[in-house]
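Taking it in order: structure first as structure tokens, then the write-up.
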Amino acid sequence: MAISPPSDLVLDVVKAADPMEVQAAQEKLKANRAAFAATSLAENGKGFSNTVDVLDHVGQKSGLSNIQNRTKTEDVPESYRKFEAMVLQNFVKSMLPSESDDVYGKGATGDIWKGMMAEQLGNTMAKGDGIGIAKQMYSEQLRRQEGKIVNASTDDHDRNTALSMIDDFQRKTFGTPTAEAKTASDA
């Protein structure tokens, strides 16, 4: 049987140590190794923060990062934009991958997260010009209203009905007798 003094000595020390302390030491070594790897990536320009900075710079340069800088050709009411956002949400949700348990989670919770993602994407798309649903619906509604002419004329029957309603309201409010009651009291 061969003896390897350095490794046997290390194994004897590990066996003699408290298992919790050994586990803590191993965790520290793993954390140090991960920190070293992250630092190495960051120094080489391949780290997470560098990637985010690159993406931010590209977004600012192209103007895509700020939805508010888009010009609005026509002011469409908010209700039409909300409708377009809802339609876009349904489109986006149907386009998201069905096998996405790794991304959103499993079961009902995953479906909720997937729905929330689709909702946010739909709302963001509808904030600017969207895809034109809101604008088209609004312009169609304006075209429908242009041809309508309001008939403001009244006939004698409408006038008499309105006057009788006014007389009745005054009688109830001020306690004044109606015209019929006046003629009956005068007779």
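Note that the coordinates shown come from a computational prediction; the quantities given were computed from them, not determined experimentally.
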Is the CE atom of Met86 crowded by more than 12 outside heavy atoms at less than 6.0 Å?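 Atom CE in Met86 is packed in, count exceeds 12.
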
If I take atom [atom1] from residue [X] and atom [atom2] from residue [Y], how far apart are they, to the nearest 0.5 angstrom?
X	Y	atom1	atom2	answer
Glu140	Arg144	CD	CZ	5.0 Å
Met116	Leu121	CE	CG	12.0 Å
Met95	Leu88	CE	CG	8.0 Å
Asp156	Thr161	CG	OG1	10.5 Å
Asn160	His157	CG	NE2	8.0 Å
Met117	Ile112	CE	CD1	15.5 Å

Salt bridge between Glu78 and Arg81, side-chain N to carboxylate O under 4.0 Å?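 Answer for the salt bridge query: no.
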
In terms of side-chain geometry, is the basic nitrogen of Arg171 or Asp168 positioned less than 4.0 Å from the acidic oxygen of its partner?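 Salt bridge flag = yes for Asp168 with Arg171.
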
Please find the pair of heavy atoms, one from [X] and one from [Y], that lie closest to each other, and give the distance.
X	Y	answer
Asp75	Tyr138	O-CE2, 3.7 Å
Ala134	Tyr80	CB-O, 3.4 Å
Ile133	Glu84	N-OE2, 3.5 Å

Under a single-linkage definition using a 4.5 Å side-chain heavy-atom cutoff for Ile, Leu, Val, Met, Phe, Trp and Tyr, are Met165 and Phe174 assigned to the same hydrophobic cluster?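 No.
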
Shared hydrophobic cluster for Val76 and Leu142 (ILVMFWY, side-chain gaps under 4.5 Å):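 The answer is yes; both residues are in one hydrophobic cluster.
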
Listed by chain and number, what are the side chain to side chain contact (heavy atoms under 4.5 Å, CB included) partners of [X], not counting sequence neighbours?
X	value
Gln23	Met20, Glu27
Gln136	none
Ala118	Gln89, Val92, Lys93, Leu96

